[in-house]
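Shown next, in structure tokens, is the structure this report addresses.
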Amino acid sequence: MGVGCDSGVVLPDLSRHALDVAPLLVGCRLQAGPVTVRLVEVEAYEGGADPASHAYRGRTARNAVMFGPSGHLYVYLLHGSVCCNVVCGPEGVATAVLLRAGEVEAGQDLARERRLVRRASPLTDRDLARGPGNLCRALGITSADNGADLLGGGGLQLLPAERRPAAVGSGPRVNVSTAADRPWRFWDAASPSVSLFKRHPRAVTG
DNA sequence: CCGGTGATCCACT
DNA sequence: GTGGATCACCGGA
């Protein structure tokens, strides 16, 4: 009965496509030094066939990490916030999973300190890592972490779930303007830290 | 709801 | 080289 016999204690095979990996990442944990977050909400982004993906129009300086080997972190800035993805798929295929929200399991004091910078209102435990930008801030992830190897024993580590969530929900991705009907968002149905669904104001299906 | 945010990309000089 | 549209967001009202 070694590690690996129980599907709840191994990481998913990240060299598969994001759509296969995403639901299995719900419940896994991301550790950044003293702060550990249990992932409760993710979204799959395919490469060439997904108009909502940063890689849809091919390789650029920004998205180069997405085309590299799986298990690395793709970090970018959006509207002044840092967001991060776990790169999936074989090398050369730009498919990745956006980490949208988590529950802070360890290092809550540090996470809270980071979140309260330039913020007036109080912050509940539920909201410490709720939302893609907030999750990165709680973990201290910056654009300097773009390309970091999550399986290489460095400061950032992806860890297996202790146990699988009882139920994983799925539905359309948040705030995407194209392919807005694809149910490629996955979340732990029991978690209060899952962010609220928001449809893009000019959403187009397809 | 609304405005700020900051990088990136492309169509044009 | 420059301008403007775009974007997988956040916070406060």
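A note on names: the letters A, B, ... follow the listed sequences, proteins ahead of strands, and every chain is numbered from 1. The shown structure was predicted, so the numbers you read here are calculated from the model rather than taken from an experiment. Computation of the quantities below employed the complete heavy-atom set of this structure, encompassing side-chain atoms and omitting hydrogens, waters and symmetry-equivalent molecules.
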In whole angstroms, how far is the [atom2] atom of [N] from the [atom1] atom of [X]?
X	N	atom1	atom2	answer
A/Tyr56	B/dC9	OH	P	17 Å
A/Leu99	C/dC9	CG	P	13 Å
A/Asn146	B/dA7	CG	P	14 Å
A/Arg202	C/dT6	CZ	P	6 Å
A/Arg59	B/dC9	CZ	C1'	17 Å
A/Asn63	B/dA7	CG	P	17 Å
A/Leu123	C/dC10	CG	P	12 Å
A/Glu41	C/dA8	CD	P	15 Å

For the side chain to side chain contact (heavy atoms under 4.5 Å, CB included) test, which of A/Leu158, A/Val86, A/Leu24, A/Leu159 pairs with A/Leu11?
->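 Among A/Leu158, A/Val86, A/Leu24, A/Leu159, the one that satisfies the side chain to side chain contact (heavy atoms under 4.5 Å, CB included) with A/Leu11 is A/Leu158.
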
Checking side chain to side chain contact (heavy atoms under 4.5 Å, CB included) against A/Val35, which of A/Asp109, A/Leu110, A/Leu30 comes through?
->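 The side chain to side chain contact (heavy atoms under 4.5 Å, CB included) with A/Val35 is passed solely by A/Leu110 among A/Asp109, A/Leu110, A/Leu30.
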
Check whether the aromatic ring of A/Tyr45 stacks on the base of C/dA8, taking stacking as ring centres less than 5.5 Å apart and planes within 30° of each other.
-> yes

Within the stacking criterion (centroid distance below 5.5 Å, interplanar angle below 30°), does A/His79 stack on C/dC9?
-> yes

Have a look at [X] and say if it touches a base, only the backbone sugar-phosphate, or nothing, with a 4.0 Å heavy-atom cut-off.
X	result
A/Ser177	sugar-phosphate
A/Arg185	nothing
A/His54	base

Is it true that A/Arg115 and A/Asp127 make a salt bridge, defined as a side-chain N closer than 4.0 Å to a carboxylate O?
->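 No, this pair does not count.
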
Charged N to carboxylate O under 4.0 angstrom, A/Arg173 versus A/Glu43?
-> no

According to a strict under-4.0 Å criterion, is [X] in side-chain N/O contact with OP1 or OP2 of [N]?
X	N	result
A/Asn134	C/dC10	yes
A/Asn175	C/dA8	no
A/Thr60	B/dC9	yes
A/Arg115	C/dC10	no
A/Arg62	C/dT6	no
A/Arg118	B/dT5	no

Of the nucleotides B/dT8, C/dA8, C/dG12, which one has an atom closest to the side chain of A/Ser121?
->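 Output: C/dG12.
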
Can A/Arg182 be said to sit on top of A/Tyr45's aromatic six-ring, NZ or CZ under 6.0 Å from centre and within 45° of the ring axis?
->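 No; the conditions do not both hold, so A/Arg182 does not lie above the ring face of A/Tyr45.
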
Could you tell me which residues satisfy side chain to side chain contact (heavy atoms under 4.5 Å, CB included) with A/Ser81, sequence neighbours excluded, listed by chain and number?
->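 Residues passing side chain to side chain contact (heavy atoms under 4.5 Å, CB included) with A/Ser81: none at all.
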
Whether A/Arg130 side chain and A/Gly102 backbone form a donor-acceptor pair below 3.5 Å =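 Such a contact is absent between A/Arg130 side chain and A/Gly102 backbone.
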
Confirm from the modelled atom types if A/Tyr76 and B/dA7 form a donor-acceptor pair under 3.5 Å, side chain to base only.
-> no

Check the surroundings of atom CZ in A/Arg57: do more than 12 heavy atoms from other residues, nucleotides or ligands lie under 6.0 Å from it?
-> no

Symbol by symbol from the 5' end, with Watson-Crick or G-U pairs under 3.5 Å, [ ] crossing and | another strand, DNA chain B is ||||.|||||||.

